[in-house]
Amino acid sequence: MTAITSVNEPAPRHSVTSVPPETLTAALTSELGAPAATETVSTRLIDRVKYANDASHYIYTPQAVIQARSAADVAAVFRASRRTGVPVVLRSGGSSLSGQGGGEGMLVDVRKHFRDIEVLDNGARVRVQPGATVRSVNNRLAFYGTKIGPDPASEFAATMGGVIANNSSGMACGTKFNTYRTLESMTFVLPSGTMINTADPGAGQQFREQEPEIFDTIVRLQKRVRENPASVATIRRHFALKNTMGYGVNAFLDFDDPLDVFERLIIGSEGTLAFVAEAIFRTIPDPKLKTTTIAVFDSIEAATRTLPDLFDSEAATLELMDSCSIEAGRTFATVPEQIQGFEVHNHAALLIEYHAQEEEELRARQARGAEILASQRLQTPAAFSTDPAFYSTAWAFRKGLLSQVSGARPSGTTALFEDVVVPVADLADTCLELQQMFDTYAYENAVIFGHAKDGNIHFLITDRFEGEENLTRYNGFNDDLARLIIGRHGNLKAEHGTGRVMAPFVRQQFGDELYEVMVALKRAVDPRGTMNPGVIISEDPEEHLHNMKLNPTVEEAVDRCVECGFCEPVCPSRDLTMTPRQRIVVRRARAKALADGDLDTVRELDKAYAYEGEQTCAADSMCVTACPVGIDTGKFVKSLREQRNGKVAQAGWKAAAKQWDTVTVTASKALTGAYFLPAGLVQKVTDVARGLTSTELVPGYQKQLGRGGGRRHALGPVVGDVYAKPTAVFFPACVNAMFGPEREGIGATAAFVRLAERAGMSLLVPEHVDALCCGTPWASKGMSQGLGVMGERVRESLLRTTDGGRLPVVVDASSCAHGVAEVAAEAGIEVLDAVTFIAREALDSLEVGAKLDSVTLHPTCSTAHMGTIDDLRAVAEAAAEDVRIPVNWGCCGYAGDRGMLHPELTASATKAEATTVAELDSRYHASSNRTCELGMTQATGEPYVHVLELLERATR
């Protein structure tokens with residue numbers, strides 16, 4: 001076992017130059033230019049803290065954060081690094097698990113401004129930038145029936161920069177379709193500032209002339225490797241399997257041209273050699289058909305015995321899960337039936353899937369798989385299914401294991417997620433020995449799962465990695481792990497990357513000769529050692545023990561966060577201030593500072609967090625739809641707002657709840673009055689009021705608001721056929737009473753009433769409806785007293801009108817339907833969005849004349865929460881010939897009045913979608929919530945109306 005130095009006297013390690021913030025800022029300003037530096041460089045504590053954590057078990061707080069806008073910006077940062085000696089870390093999605101996404105120097109965010117995607121050759125190729133996520137790239141390619149080869153489980157958050165930097169693979173990718181095999185060309189920036197596009201005809205000559213030392217080193221190292229039979233054999237052995245340990249020295253054997261060799265060496269180099277500003281991938285066919293099953297065996301040995309036959313049957317995926325994984329899977333909200341109904345002992349499961357382009361091909365493969373499984377002794381039946389619901393449940397079980405187990409860890413502990421690979425024939429014995437090691441080192445509740453087809457398994461352990469005893473135990477575990485995997489001719493990293501966690505073991509896996517080749521490569525490309533120091537190449541035997549996360553306990557609502565970053569792509573404020581992960585990370589930093597008695601840090605974080613963490617959070621809870629452990633950061637922020645609200649504010653909003661009919665009338669009249677005044681004048685008045693009071697209290701006027709809406713009681717007690725038997729209760733949303741319809745529209749309320757009449761329906765309207773509200777204005781602001789008053793009033797009214805819950809309630813605004821559903825759930829009352837009600841109950845009864853030509857839809861966060869996007873599409877398709885939904889749609893950030901209080905939030909949240917909307921160039925634009933329609937109108941300049949207005953027009 002490697003000796004551990006005292007935790008109070010860290011071992012010698014790579015030196016990280018630290019300079020005063022003003023010196024670093026001056027160097028960056030000199031290289032970037034003053035205007036650019038002002039926009040992109042920050043040394044503020046809150047910015048450095050929110051980027052200190054990634055998905056790994058390490059924490060490194062940078063000296064500065066730079067949100068680079070172009071490859072030229074990155075080159076400028078490299079030049080500043082040479083001037084100051086401060087190292088550089090390139091960061092995109094932050095979903096890396098091995099510590100390669102953080103550092104103590106300058107952290108360059110290459111996600112925000114590097115998201116371009118261009119589909120080429122009818123989907124045969126795709127040009128990507130490093131900030132684009134795997135999911136977003138595949139969404140663009142889906143129209144063409146193709147996808148990229150790498151398929152990491154973290155595709156929702158993993159970016160193409162990370163996929164290239166880690167040579168990511170995944171479930172079905174193997175080694176055949178990873179980045180190394182499918183990348184066609186790249187544009188890279190070297191630490192020297194040299195930028196080369198390998199697709200350019202003269203790129204090879206440019207490389208030789210501008211970087212002669214690197215060029216000559218590649219030629220020399222290639223000769224050295226090829227002429228050493230032992231090196232050739234070692235490379236062939238290690239790269240026959242998945243391998244992300246060290247540099248991709250197989251490039252010295254696979255390619256002849258020095259630039260081709262270097263291009264492949266950059267793949268998997270984890271930001272230690274170059275920045276990849278752009279890349280072109282060759283795509284692969286996206287299978288049209290899939291069939292899936294889960295087979296539960298008595299043991300891992302029994303499961304792995306079937307692997308050769310299943311592999312030969314052309315199974316696309318063979319995902320292994322051990323007994324602890326099965327136990328964890330049983331705690332999920334939706335559980336595959338195959339893992340239920342028996343007492344778990346040493347069982348293991350395989351998730352098996354076949355892909356095909358044609359039905360006959362799929363049936364043949366499925367039949368072969370079923371035949372193989374029929375010869376096995378299985379714990380539960382393992383029938384194959386093409387049902388999308390089963391597919392989703394099965395993969396939610398597999399993909400959710402990491403976060404579910406991590407999230408269930410004791411508060412204050414850290415989860416370590418590792419991956420290794422061995423020849424498939426050695427997989428069962430390796431798993432058994434790993435389980436014995438868990439017992440030996442007292443790592444309870446450890447789980448094993450992974451890509452059995454490739455011999456690639458992942459395992460997860462949790463502990464509090466501090467103190468000599470715990471670190472010595474962890475170090476001993478790593479030493480034994482290295483002996484186990486290398487002894488079986490495997491690789492210590494298969495797809496997560498070497499990072500810091502395995503940097504001290506690269507020499508052990510490859511031997512002195514090949515390790516020295518890697519060192520020579522690194523020294524030639526990065527002679528100052530400023531590119532992500534400590535990653536891949538490190539002479540510090542304790543590199544993997546430094547800067548371990550020791551997460552302090554924070555609020556229960558967010559304490560389970562594993563900092564995976566899955567929430568970030570759906571967050572409306574991600575490009576403006578903070579993401580959900582960052583909001584939680586800063587709370588943890590605050591808790592630590594508070595425990596340490598560092599009140600200056602607490603005050604500084606609190607001051608910045610008020611705006612960045614709380615005020616600019618849309619509180620739309622889209623984060624919970626992506627969070628694998630079900631954390632609702634939006635709801636958490638509402639609780640923080642409640643804590644900030646004083647007695648006066650609570651009393652004021654409580655009074656508003658009691659006089660809501662007056663409030664809505666006043667708001668409507670104010671908008672109508674403003675409508676007839678010059679918009680600029682009204683904007684100046686509200687701007688002055690906001691300046692004198694608070695941007696959190698006074699909304700700003702926006703010209704797209706239009707005039708106010710009408711009184712809801714004017715509908716009368718019944719709408720539709722007054723003589724028919726009531727089929728539902730209509731709860732017209734107060735948002736439509738405050739904000740009138742688009743200039744050419746009739747509004748959601750009128751459209752719904754007309755459609756109900758045409759469908760021959762009768763709907764009751766609650767008595768005193770003007771005084772009712774869904775409660776969202778109080779909930780979003782943390783005004784609990786007013787929410788309580790309104791909630792009780794709504795429940796009492798709906799219980800009377802629905803005959804004790806016998807009739808469903810229909811609401812004509814998606815967010816309000818979501819709000820009413822939450823308020824009414826306690827009373828057992830069913831609540832439906834008007835779009836869903838019309839889609840399910842009225843479409844068959846409506847006669848559509850001439851359809852509208854084309855419409856672009858904006859689904860709302862509420863339609864996502866309620867699972868009604870298909871209903872939105874169905875209504876639109878009934879009204880229009882061509883219905884389009886932008887692939888990059890997201891919450892507009894308007895969030896009730898948040899878009900008027902902080903219009904910068906909506907502007908940021910809608911920027912990408914607005915660009916796509918312009919490209920789609922539809923005749924009509926629609927959504928299902930008035931404030932969201934206002935937000936999208938503001939963002940795009942196109943008049944958005946409620947989708948029911950389009951259906952009403954088509955059925956006149």
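Keep in mind it's a predicted model, so treat the numbers as computed, not measured.
Using a 4.0 Å cut-off between charged side-chain N and carboxylate O, Asp526 and Arg523 make no salt bridge. With respect to the salt-bridge test (charged N to carboxylate O, under 4.0 angstrom), the residues Lys242 and Asp454 qualify. Residues Arg588 and Glu563 are paired through a salt bridge, judged by an N-O separation under 4.0 Å between the basic side chain and the carboxylate. We find that Glu155 and Arg135 are joined by a salt bridge, their nearest charged nitrogen and carboxylate oxygen being less than 4.0 Å apart. In this structure, Arg507 pairs ionically with Glu539, as a charged nitrogen and a carboxylate oxygen lie closer than 4.0 Å. In this structure, Asp463 pairs ionically with Arg473, as a charged nitrogen and a carboxylate oxygen lie closer than 4.0 Å. The pair Asp479-Arg483 fails the salt-bridge criterion, with no side-chain N (NZ, NE, NH1 or NH2) lying under 4.0 Å from an Asp/Glu carboxylate O.
Side chains of Tyr474 and Asn478: a donor-acceptor N/O pair is present below 3.5 angstrom, by distance only. The closest side-chain donor-acceptor pair between Glu418 and His496, if any, does not fall under 3.5 angstrom. Side-chain N/O atoms of Glu495 and Ser169 include a donor and acceptor closer than 3.5 Å. In the model, Asp540 has no side-chain atom that pairs as donor or acceptor with a side-chain atom of Ser538 under 3.5 Å. No side-chain N or O of Asn250 forms a donor-acceptor pair with one of His238 less than 3.5 Å apart. Checked by atom type, the side-chain pair Tyr51/Thr61 shows no donor-acceptor distance below 3.5 Å. Under 3.5 Å, the side chains of Thr553 and Ser411 contain a donor-acceptor pair of N or O atoms. Between the side chains of Asp54 and Gln100, no donor N or O sits under 3.5 Å from an acceptor N or O. For the residue pair Ser98/Lys493, the side-chain donor-acceptor check at 3.5 Å is satisfied. Thr133 and Ser136 share a donor-acceptor pair across their side chains, judged by distance under 3.5 Å alone. Remark: the Tyr441 side chain and the Gln436 side chain contain no N/O donor-acceptor pair separated by less than 3.5 Å. Judged purely by distance below 3.5 Å, without hydrogens or angles, the side chains of Gln509 and Asn491 pair a donor atom with an acceptor atom. With hydrogens and angles left out, the side-chain atoms of His544 and Asn475 include a donor and acceptor closer than 3.5 Å.
To the nearest 0.5 Å, atom CG of residue Asn243 and atom CG of residue Asn178 are 10.5 Å apart. Atoms CD and SG, on Glu568 and Cys623 in that order, are 11.0 Å from each other to the nearest 0.5 Å. If you take CD1 on Ile457 and CD1 on Ile485, they are separated by 6.0 Å, rounding to the nearest 0.5 Å. Expressed to the nearest 0.5 Å, how far CE of Met171 lies from CG of Asn456 amounts to 10.0 Å.
Remark: of the listed residues Lys112, Arg115, Arg111, Arg115 is the sole one forming a salt bridge (charged side-chain N to carboxylate O under 4.0 Å, His left out) with Asp575. A salt bridge (charged side-chain N to carboxylate O under 4.0 Å, His left out) with Arg500 is found for exactly one of Glu270, Glu542, Glu104, Glu543, namely Glu543. Screening Phe275, Phe78, Phe262 for a ring pair (Phe, Tyr, Trp, His ring centres under 6.0 Å) involving Phe188 leaves a single residue, Phe262. Each of Arg574, Arg583, Arg44 was scored for a salt bridge (charged side-chain N to carboxylate O under 4.0 Å, His left out) with Glu612, with one residue passing: Arg44.
A donor-acceptor pair is defined here as one N or O able to donate and one able to accept, closer than 3.5 Å; no such pair exists between the side chain of Gln63 and the backbone of Thr43. Between the side chain of Asp322 and the backbone N or O of Ser325, at least one donor-acceptor pair lies under 3.5 Å. Side-chain N or O atoms of Asn166 include none that pairs as donor or acceptor with a backbone N or O of Ser96 at under 3.5 Å. Formation of a donor-acceptor pair under 3.5 Å by the Ser81 side chain with backbone atoms of Val86 is found in this model. Although no hydrogens or angles enter the test, the distance criterion places no donor-acceptor pair under 3.5 Å between the side chain of Arg48 and the main chain of Ala64. Counting only distance, with no hydrogens or angles, the side chain of Lys50 and the backbone of Met578 share no donor-acceptor pair below 3.5 Å. Proximity of a side-chain donor or acceptor of Thr182 to a complementary backbone N or O of Phe281 within less than 3.5 Å is not detected.
Among all heavy-atom pairs drawn from Val447 and Cys324, the shortest one is CG1-CB, 3.5 Å. When all heavy atoms are compared, the tightest approach of Ile214 to Ala524 is CG1-O, 3.6 Å. Across every non-hydrogen atom of Leu460 and Ser406, the tightest pair is CD1-OG, 3.1 Å. For the residue pair Pro130 and Ala277, the shortest heavy atom distance occurs at CD-O, 3.2 Å. The two residues Thr498 and Gly246 have their closest heavy-atom pair at OG1-N, 2.8 Å. Asp47 and Val65 make their closest contact through O-CG2, 3.6 Å (heavy atoms, listed as atom of the first residue, atom of the second, distance).
At least one side-chain heavy atom of Met106 sits under 4.5 Å from a side-chain heavy atom of Ile66. Val163 places a side-chain heavy atom less than 4.5 Å from the side chain of Val134. Proximity of Glu278 to Met186: side-chain heavy atoms (C-beta onward) are nowhere separated by under 4.5 Å. By the 4.5 Å heavy-atom criterion applied to side chains, Ile536 and Tyr247 are counted as neighbours. For the pair Leu90 and Val74, the minimum side-chain heavy-atom distance is below 4.5 Å. In this structure the side chain of Met160 never reaches within 4.5 angstrom of the side chain of Gln129, judged on heavy atoms.
Not counting sequence neighbours, Arg91 has no partner by the salt bridge (charged side-chain N to carboxylate O under 4.0 Å, His left out) test.
Applying the 6.0 Å contact sphere to CG of Asp598 captures more than 12 heavy atoms from other residues, nucleotides or ligands. Within 6.0 Å of CZ in Arg528 there are 12 or fewer heavy atoms belonging to other residues, nucleotides or ligands.
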Point to revise | Worked check of side chain to side chain contact (heavy atoms under 4.5 Å, CB included) between Phe510 and Met518 | key: CA-CA 10 Å; Phe510 284 98; Met518 295 180 191; 3.6 Å; yes
**Study point:** Derivation of the side chain to side chain contact (heavy atoms under 4.5 Å, CB included) call for Leu265 and Leu521
**Key:** CA-CA 9 Å; Leu265 287 166; Leu521 169 68; 4.0 Å; yes
Practice item. Would you check, one step at a time, whether the test side chain to side chain contact (heavy atoms under 4.5 Å, CB included) holds for Arg409 with Asn551? Key: CA-CA 11 Å; Arg409 73 195 186 284; Asn551 288 330; 3.9 Å; yes
Review point. For Leu514 and Thr234, what are the C-alpha separation, side-chain angles and deciding distance, and is it a side chain to side chain contact (heavy atoms under 4.5 Å, CB included)?
Key: CA-CA 9 Å; Leu514 283 174; Thr234 299; 3.8 Å; yes
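Both tests do not hold together for Arg581 against Phe566: distance to the six-membered ring centre under 6.0 Å, angle to the ring axis within 45°.
The aromatic rings of Phe449 and His458 sit perpendicular to each other, their planes meeting at more than 60°, with 30° as the lower class boundary.
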